Amino acid sequence: MTTSAAASPANRASKYLQFIQTYGMLLILLLVVAIFSLLSSNFLTTGNLINILRQVSIVGIIAVGQTLVILTAGIDLSVGSIVGLSGAVSASVTLGTGNPLIGIAAGLLTGAVIGLFNGVMVSYFKLTPFIVTLATMTAVSGITLVYTNGNPIIVSDPVYKFIGQGYIGPIPFPVVLLVVVYVLFFFILRKTVHGHYIYSIGGNEKASVLAGIPVKKHKMIVYTVSGLLAGLAAVILSARLSAATPVAGTGYELDAIAAVILGGTSLFGGKGGVGGTLIGVLLLGVLTTGMNLINVSPFYQDVVKGAIVLVAVLLDRFINADTQ
Amino acid sequence: MTTSAAASPANRASKYLQFIQTYGMLLILLLVVAIFSLLSSNFLTTGNLINILRQVSIVGIIAVGQTLVILTAGIDLSVGSIVGLSGAVSASVTLGTGNPLIGIAAGLLTGAVIGLFNGVMVSYFKLTPFIVTLATMTAVSGITLVYTNGNPIIVSDPVYKFIGQGYIGPIPFPVVLLVVVYVLFFFILRKTVHGHYIYSIGGNEKASVLAGIPVKKHKMIVYTVSGLLAGLAAVILSARLSAATPVAGTGYELDAIAAVILGGTSLFGGKGGVGGTLIGVLLLGVLTTGMNLINVSPFYQDVVKGAIVLVAVLLDRFINADTQ
Amino acid sequence: NSSNQNAGSNSNGNGTEAEGGNQAAGTDSVKIGYVINTLNNPFFVSVKDSAEKEAEEVGTKLSVVNANNDIATQLSGVEDLIQQGIDVLILDPVDSAGALPAIQAANDAGVKVITTGRMVEGAEIVTHLGYNEVKHGKEAGWFLAEALGGSGKIVELQGVMGTSTAQERSQGFQEAMADYPDIEILSSQSANFDRAEGLTVMENLLQAHSEIDGVYAANDEMALGALQAIEAANRNGIVIVGNDGTIDAFHAIQEGRIAGTMAIYPNQYGEKAIQIALQVANGENVKELIELPSIFVSEENVEEALSMQE
Amino acid sequence: MSEAELLRMDDICKSFGPNVILKDVHFTLLSGQVHALLGANGAGKSTLMKIISGVYTLDSGSVTVQGKQVSIQSPADAKRHGISIIHQELSLVPEMTVAENIYLGKEASANAAGMFFSKGRLEACTEKLLGKYGIPLDPRARVRDLSIGHQQLVEIMKAVSDESNILIMDEPTATLTTGETEQLFTVIRSLKDKGIGMVYISHRLDEIQEICDYVSILKDGRNTAEGPIRDFSSEKIIEHMIGKQLEHYYPSSDRVPGQPVLELSKVTKGHVLNQVSLQLRSGEVLGLFGLLGAGQTELLKVVFGAEEYDEGEIRIQNQAVRLDSPAKAKAHGIALVTENRKEEGLVLEQGTASNIALASMRRLSRWGIKKDGRIRSVANHYVEALNIKLSSIREPVKNLSGGNQQKAILGKWLYTEPNIVLLSEPTRGIDIGARSEIYHLLSDLADQGRAVMVASSDADEILGMCDRILVMFNGNVIAELKREEANEELLMEYASGAREKKEVKQ
Ligand SMILES: Nc1ncnc2c1ncn2[C@@H]1O[C@H](COP(=O)(O)OP(=O)(O)OP(=O)(O)O)[C@@H](O)[C@H]1O
Ligand SMILES: Nc1ncnc2c1ncn2[C@@H]1O[C@H](COP(=O)(O)OP(=O)(O)OP(=O)(O)O)[C@@H](O)[C@H]1O
Ligand SMILES: O[C@@H]1[C@@H](O)[C@H](O)OC[C@H]1O
Ligand SMILES: [Mg+2]
Ligand SMILES: [Mg+2]
C-alpha cells in the first residue's frame with residue numbers, strides 16, 4: 001500500500017502539530033510563569049505553586065464539566081448558581097443530620113439533579129442550551145435565597161472541613177480532587193465510548209444520530225455530569241470557607257467557560273479536551289495570583305488581565321498559524 | 001418546470017411557519033402581559049407601558065448590535081463594559097468641554113473604537129469572538145476604573161440630560177431612539193447588501209468567502225456597530241441617571257444575549273433578526289417590571305423569572321414543533 | 001490638609017489610643033496587606049483611596065486586593081498576600097461567614113490580622129474596627145419614620161440579596177419600622193446596590209403605587225437612582241434616606257433632594273485602618289474593639305460631614 | 001472562437017505538511033475548450049483546481065491567465081481574473097433561497113443601487129437565468145429544503161452566472177441524474193460557443209467522451225498523460241489513472257434470492273411517499289431507481305428510522321416493527337449509507353478510524369472502555385480493503401479527498417455487519433476502480449445471504465449490479481423490473497412518468 005509508507009512521517013508531523021496546538025497555550029503559560037518569577041521572588045516557590053493549585057481547584061473542576069458540555073456544542077451557564085445551592089444544601093444537611101457524608105452526598109445530588117434537568121430540556125425537549133441553563137441559573141439562585149433565607153450557613157464539622165482544608169501528605173485535598181477529576185475525565189474522553197460519542201455529537205450531531213448513537217442520552221449525561229461536578233466544587237468551596245453563602249459561585253460559569261475556550265475547545269463543539277482546559281484554568285489562576293504578588297493595583301489588574309489574555313490568544317494564533 | 005408550481009404553496013407555508021416561529025414568542029409575550037394585567041391594575045396603563053419601553057431602551061439598543069454579531073455566529077461580551085467606559089467618557093468630556101454634543105460624540109466614538117478593535121481581532125486575526133470580547137470586557141472595565149478612579153461623574157447639562165430624560169410629545173426620548181434604532185436595523189438587515197452578507201456569513205462563512213464576499217470587512221463592521229450602539233446606550237443611561245457610574249452596564253451583555261436568543265436568533269448564526277430580539281427584550285422587561293408591580297418578594301423573583309423564561313421557551317418549542 | 005490627628009476628635013465614640021504613634025520606628029519596613037470586600041461602589045473606593053494615601057504619607061508598603069464580593073476570591077487574596085510576605089493583614093470581610101479560614105491561614109503564617117467592617121465570629125484577631133449594620137439600618141429607619149411624622153407609606157430598596165450587608169441593613173430597618181404601626185411598607189424590592197437599578201425599580205414602584213411618602217435605600221447609589229426616578233416623575237415630597245455617606249449623597253442632601261444618609265466616613269475608615277495596622281506591626285497595644293465613626297447625616301450636619309470627607 | 005490560451009499552470013507544487021500532493025504539475029486551458037481533468041480518488045484534481053480558484057495558495061510554480069502571470073490569493077482574486085468554480089463539495093447557504101445563493105457576492109450585478117438589496121430583482125434575474133438554460137428550480141425555494149441534486153444545480157448556476165472566462169467544474173454531475181446531466185451539457189455547449197474555457201472533472205468516463213475535447217490525467221499528484229479526447233479510449237484513460245486495466249467492472253451474479261427480510265406495505269409519508277409497498281429478500285441486490293426528488297432517499301430514511309412515516313407497516317423477518325430511531329433500526333441489523341457525506345455521514349474533525357468505529361462502538365469496547373487496538377486494526381482493514389488513500393487513520397477526514405471520504409462511510413457501515421444494507425448513492429464521487437470494487441463488495445454481501453438495497457440515480461450502475469429494480473416516481477413505486485428485462489430507456493420512461501404504473505408484485 002502506498003499509504004502506509006507515507007503515513008508514518010505524516011502521522012508524526014500531525015501529532016507534533018497537535019501537540020503544539022494544544023500545548024502552544026502551555027508554552028504561553030510557562031512564559032507567563034517565567035515573567036512572574038522574574039518580577040517576584042515569592043512566585044516560583046513550592047508553597048505558592050500549591051497555593052495556586054488549591055485556588056484554581058474549584059473553577060478547575062467546574063471547567064471539566066463545562067468542557068464536556070461545550071464539546072457537544074452546548075453551554076452550561078447554571079454551574080455558578082449550582083455552586084450556591086449545592087453548597088447550601090450540603091452545609092445545611094451536614095448540620096441537620098450531623099453526618100458530613102450525607103451532607104456531601106446531598107450537595108452532589110443537588111448538582112446532579114439540576115444538571116439532569118438541564119440535560120432533559122436540551123436533549124429531549126430540544127431547547128437551546130444557552131437559554132435553558134440561563135433560566136436554570138436564574139431560578140436556582142432564587143431557590144438558594146429562598147432555601148437559605150439569604151443567610152450564610154456555617155459548618156465546622158472536621159470531616160466536612162477536611163474536603164477543603166485537609167492535606168494528603170503535603171498536597172491539599174482540593175488539589176488531590178482536582179487531579180483525580182482531570183485524570184478521570186481525560187481517561188473518559190479518550191478511552192471510553194461515552195467520550196467518543198461526546199466528540200462525535202459535537203462534531204456532527206446529525207451523523208451521530210444516523211450512526212444509531214443514543215445522542216439524547218449522552219447529551220443528558222453530559223449536563224448531569226456538569227451539574228454533579230459543580231456540586232463537588234460547591235462542597236470544596238464551602239469546606240474551604242467553613243461556610244456556605246447564598247451568593248457563592250456567582251460568575252464562576254464565565255470563568256469556567258473562559259478557561260475552556262482559552263484551552264482550545266471550540267464553542268461549536270467536537271474539538272478540544274480537558275488537557276487544554278487545565279492549561280486555561282492555570283493561566284487564569286496564575287494571572288490573578290501573580291498580579292497580587294507583584295502588587296498590581298486593583299484598578300489596573302483588570303486592564304492587565306484583559307491585555308495578557310489577548311496577547312496569549314494572539315501568540316497562540318501565531319504558533320498555530322499553519323494548522324488552521 | 002415542474003417545481004415552480006409546487007413551490008408557491010410550499011413557499012407560502014414556509015413564510016407562515018416563519019411568521020409563527022418569530023411570533024410564537026410574541027404570543028407568549030402577550031400572554032405574560034395579559035397575566036400581569038390581571039394581577040395588577042397598574043400594569044396595563046399607558047404610563048406603565050411607556051415606563052417599560054423606556055426601561056428596556058438601554059438593553060434593547062445593545063441587543064440590536066448583539067443580534068448582528070450573533071447573526072454572524074459571533075458573540076460580543078464587551079458591550080456591558082463599553083456602557084461603563086463610554087458613559088464615563090461622554091459625561092467627563094461634556095463636563096470638560098462644556099459641550100454636550102462633543103461629549104456625546106466622544107462617548108459614541110469610544111464605543112465604536114472598542115468595537116472596531118474587537119472586529120479587527122475577530123476578522124483579521126481570526127481570534128475566537130468569545131475570548132476576544134471577554135478580554136476586552138475585562139480590560140475595558142479596568143480602564144473605566146482607572147479613568148474614573150472608581151467615582152461616579154455627575155452631569156447636569158440640560159441637553160445631555162434630554163437624551164435620557166426628555167420627551168418628544170408624550171414619548172420619552174430614549175424610546176424614540178429605541179424605535180429609530182430598531183427600524184433602521186430592521187431595514188439594514190432586510191434591504192441592504194451589508195445585511196444580506198451578515199446572514200450569508202452566519203449561514204455559511206466558507207461559502208461566503210468562496211463567493212468572493214469581503215467577509216472580514218463585514219464582520220469588522222458588525223462588531224464596530226455593536227460597540228457604537230453600546231456607546232449610545234451608555235449615553236442614554238448616564239443621561240437618565242444624570243451621572244455616569246463606573247459599574248454601569250455590568251452584566252448587560254448577558255441580558256442582551258438572552259433577549260437575542262429568546263427572540264429566536266441562533267447562536268450558530270445565520271438565522272433570526274431584530275424583530276425577534278425586540279420581543280425578547282420586551283419579554284424580559286415586562287417580567288422585571290411586572291414582578292415589581294405585583295410585589296413579588298425579592299427572594300422569589302429570580303425563581304419566578306427563571307421559571308417563566310423556561311416555560312416561554314417550552315411553549316415556543318411546542319408552537320414550532322414541526323418547523324425543526 | 002487632612003492630618004491623621006483629627007481622626008478621633010470629631011467622631012462619636014472612637015477609641016484610638018495611639019494618635020501620633022504611627023510615625024514609630026520601622027514603618028517603612030512594614031508590609032501591610034489589605035483585602036477589601038469590593039470596589040464596586042464609591043464608598044469602598046474612598047476607603048481604598050484614603051488607605052493608600054495614608055500609607056504613602058507614613059511611607060509604608062501597602063498591597064490592596066479586591067475580593068470582588070466573593071468569599072473565595074477573598075480567601076485567595078489573603079493567601080496571595082501571605083505569599084507576598086506581609087506583616088499585617090487588614091481584612092474587610094465580604095461576609096460575616098466564610099472569612100475564618102482566611103484569618104486562620106494568616107495566623108498560621110504569623111501574620112497579624114485586623115478586621116474592619118463586619119465582625120467574624122470566633123476569629124483570632126488583634127482588633128476589629130467595626131460598625132454594626134443592623135444598627136445602621138435601624139437608625140436610618142428611625143430617621144425616615146420621624147421625618148414622616150410617624151406615619152405614611154414607604155418602600156424599601158434592598159441591596160444584593162444574600163449578602164450580609166443587605167441582610168443586616170434590611171433587618172435593622174424592619175426592626176425600626178416595627179416601632180411605627182402607622183407606617184406601611186408598600187414594597188421591599190432589591191436594586192442590587194446599583195444606581196441604575198435603583199432608578200428602574202423606583203420607576204416601577206412609582207407605577208404601582210400612586211401614593212409613596214418615603215424611600216429607604218440600603219445604600220446611597222440606590223437612593224440616588226431612586227431620586228432620579230422620583231424627580232423625573234415629578235412626585236415631589238417623597239422623603240429619601242440612604243446609607244454609606246458618599247460625596248454624591250452629601251451633595252444631594254445639601255441641595256435638599258434627599259433627606260439623609262447613614263454615613264460611615266469612608267476616608268477615615270481607610271486611614272484609620274492603616275494607622276492601627278502600623279501600631280499592631282510595631283507591637284503596640286490596641287483595643288480589641290474599635291468602633292468606627294458612623295453618624296446619620298442630614299441637612300443639619302451635612303456641611304460638617306462634607307468638610308470631613310475631603 | 002480562436003483557441004487562445006486562457007490559463008496556463010506550470011510546475012505547480014503543493015504539500016500539506018509533509019504530504020506532497022502535487023508535484024511539478026502543468027495544465028493548460030484554451031478558449032472554448034472543455035478540458036477533462038482525470039485521476040483516481042486523491043490524485044490531486046481538486047487541490048489543483050483550488051489553487052487556481054484561490055482556496056489554496058501554491059508552494060511553487062506559476063499561473064498565467066490570458067498571457068499575464070498572476071498571483072491568486074483568495075476566491076475574490078480568482079473572480080477578478082475571470083475564474084469561477086463549482087466546488088466538489090456544496091458551498092451554499094442553506095437558509096437562503098435559490099436566488100440569493102446564485103447571486104451571492106454579486107448582488108450588485110443584479111441590482112441597480114450598489115448598497116441596497118432587492119430580493120425581488122434577484123429573483124427576477126434568477127428566473128431569467130434558469131429559464132435561459134431550462135433549469136427547473138424555483139428561485140424562491142429555500143436551499144435547505146432542496147434535494148442534494150437540486151442543490152448541485154444551484155451550485156452550477158451560481159458559477160455559470162458569474163459570466164467568467166474560465167469555469168471549473170469539480171464533479172458537477174456526481175449528484176445529477178442523466179436528465180440533469182444532459183441539461184448541464186447543453187449549458188456547457190452554449191458556454192463553449194461563447195469561447196469560455198472549462199475544466200471538467202468527473203469519474204464518469206462516458207460523460208468525458210461525450211462532452212470533453214481534451215484530457216489531462218493525474219496520478220499521485222503528477223501528470224501522467226494528456227492529449228485530445230480522440231486519442232483516449234476509456235480503457236486507455238483507466239490505465240493511466242489507476243495503472244492497470246479493469247476487468248469484470250460489474251460482478252456477475254447467479255444468486256438465488258431467499259426469504260423476504262424486509263417488507264413494506266403501504267408506507268405513506270406526506271407528499272413524499274405514497275403507499276409504498278415492497279419486499280427485500282436475503283441474498284439479493286435490489287435497486288431503487290428514480291429521478292431527483294422521486295423519494296428514494298426518504299424511503300431509505302424511513303426504513304432506517306431516521307424519519308417518521310404517517311401510515312403503513314414495516315416488517316422485518318415477518319415481524320411488524322416500529323422503527324422510530326436509527327439506533328433501533330441498527331439493532332435490527334439495518335445499515336444506511338447516507339448520500340450527503342459531509343452533513344450526514346462524517347464527523348469531519350475526527351479521523352478515519354474514529355469514523356469507522358462510530359456505528360460499532362458496542363463491539364469495539366468492553367465495560368464502556370474502547371478497545372483502541374481493535375479499532376485501529378479494524379480501521380486499517382477497511383483502509384486496505386477499500387483502498388482509502390490517507391496519511392493516517394487519525395488524520396481528520398475533512399482532509400481526505402471526496403471519494404475517500406465516501407469510502408470511509410462505507411467502511412463504517414460494513415463493519416456493523418448488517419443483514420439489511422441500505423445505500424443511497426453509494427458510489428457518488430468514487431473513482432472507477434474503487435467503484436467496481438464496491439460493486440463486487442455489495443455482490444459478495446448478497447452472496448453471503450444479506451439483503452442489499454441501493455438507491456441510485458445512475459441507471460447504468462443500477463442495471464449493472466442489481467438483481468431486481470424498483471422504479472420510483474413522485475413518491476410511488478411505479479414499476480418492478482427484473483435485471484434481464486430492464487434497460488436504460490425503460491428505466492427512464494418509468495422514472496420520468498412517461499410510462500404508466502406497471503403491476504408491482506407484493
Ligand atoms: N486540507 C488538506 N490537508 C491535508 N491533506 C489534504 C487536504 N486537502 C487534500 N488533501 C489530500 O490531498 C490529496 C488529494 O486530494 P484531492 O481532494 O485533490 O483529490 P481528488 O483528486 O480531488 O480526489 P477525489 O476524486 O476523491 O475528489 C488527498 O490525499 C487528500 O487527502
Ligand atoms: N426537510 C425537507 N423539507 C422540505 N422538503 C423536503 C425536505 N426533505 C426532502 N424534501 C423534499 O422531498 C422530496 C424527496 O426528497 P428525496 O431526498 O427523498 O429525493 P430523492 O429521490 O432521494 O432525490 P435525489 O436523487 O436528489 O437524492 C424532494 O422534493 C425534496 O425536495
Ligand atoms: O455600603 C455597602 C457595602 O457595605 C456593600 O458591601 O456594598 C454596597 C455598599 O454600598
Ligand atoms: Mg476531488
Ligand atoms: Mg436522494
Side-chain angles (χ1 to χ4, degrees), chain A residues 73 75 77-78 81 117 121 125-132 134-150 246 251 254 257-258 260-262 264 266-269 280 297-314 316-318 320-321 324, chain B residues 73 75 77-78 81 117 121 125-132 134-150 246 251 254 257-258 260-262 264 266-269 280 297-314 316-318 320-321 324:
Chain A
I75 198 154
L77 299 175
S78 70
S81 68
F117 177 82
M121 287 295 141
F125 292 91
K126 295 186 189 152
L127 301 184
T128 321
F130 190 95
I131 281 291
V132 168
L134 181 68
T136 322
M137 162 178 140
T138 311
V140 169
S141 342
I143 292 170
T144 308
L145 283 176
V146 173
Y147 181 76
T148 60
N149 199 18
L254 208 60
I257 298 169
V260 172
I261 297 176
L262 262 181
S266 156
L267 265 182
F268 295 95
S297 134
F299 281 177
Y300 282 93
Q301 287 209 359
D302 278 350
V303 184
V304 176
K305 190 171 171 183
I308 294 184
V309 168
L310 210 57
V311 171
V313 286
L314 271 172
D316 189 48
R317 160 71 42 205
F318 288 117
N320 293 324
Q324 282 316 88
Chain B
I75 198 154
L77 299 175
S78 71
S81 68
F117 177 83
M121 288 294 141
F125 292 91
K126 294 186 191 151
L127 301 184
T128 322
F130 191 95
I131 282 291
V132 169
L134 182 67
T136 324
M137 161 177 140
T138 311
V140 169
S141 340
I143 292 170
T144 308
L145 285 175
V146 173
Y147 182 76
T148 61
N149 196 23
L254 208 61
I257 298 169
V260 172
I261 297 177
L262 265 180
S266 157
L267 265 182
F268 295 95
S297 138
F299 279 106
Y300 283 94
Q301 288 205 358
D302 278 351
V303 184
V304 175
K305 189 171 172 183
I308 293 184
V309 169
L310 210 57
V311 170
V313 285
L314 271 172
D316 188 48
R317 161 68 45 204
F318 289 118
N320 292 324
Q324 281 316 86

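The chains referred to below are lettered A, B, ... by the order of the sequence lines, with proteins before strands, and numbering in each begins at 1. Note that the coordinates shown come from a computational prediction; the quantities given were computed from them, not determined experimentally. Excluded from the calculations below are hydrogen atoms, water molecules and symmetry mates; all remaining heavy atoms, backbone and side chain alike, are included.
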Bottom line for B:Ala312: the part with an atom under 4.5 Å from chain A's heavy atoms is neither
Any residue meeting ring pair (Phe, Tyr, Trp, His ring centres under 6.0 Å) with A:Phe268, in chain and number order, not counting sequence neighbours: B:Phe268
Choice from A:Val304, A:Thr144, A:Ile75, A:Asn149 maximising heavy atom contacts with chain B below 4.5 Å: A:Asn149
Could you measure the distance from the CG atom of B:Asp302 to the CZ atom of B:Phe299? Nearest 0.5 Å is fine. 11.0 Å
Residues in side-chain hydrogen bond (donor to acceptor under 3.5 Å, both in side chains) contact with B:Ser78, at least two apart in sequence or another chain: B:Asp76, B:Asn118
Measuring heavy-atom distances to chain A, does B:Ile143 have an atom under 4.5 Å in its side chain, in its backbone, in both, or in neither? both
Mind checking the CG-CZ spacing from B:Asp316 to B:Phe318? Nearest 0.5 Å is all I need. 11.0 Å
Which of the residues A:Ile261, A:Val309, A:Ile308 is involved in the greatest number of heavy-atom pairs with chain B at under 4.5 angstrom? A:Ile261
Would the distance check show the side chain of A:Thr128 and the main-chain N or O of A:Phe130 forming a donor-acceptor pair, the cut-off being under 3.5 Å? no
Closest-packed option against chain B by number of heavy-atom pairs under 4.5 Å, given A:Ser141, A:Ala258, A:Pro298, A:Pro246: A:Ala258
If you count heavy-atom pairs under 4.5 Å between each of A:Val303, A:Leu310, A:Val313 and chain B, which one has the most? A:Val303
When the 4.5 angstrom heavy-atom criterion is applied to A:Phe117 and chain B, the contacting part is side chain
Taking side chain as C-beta onward, heavy atoms only, is A:Ile257 less than 4.5 Å from A:Leu77? yes
Looking only at B:Leu127, B:Leu134, B:Leu254, the option with the highest number of non-hydrogen pairs under 4.5 Å against chain A is B:Leu127
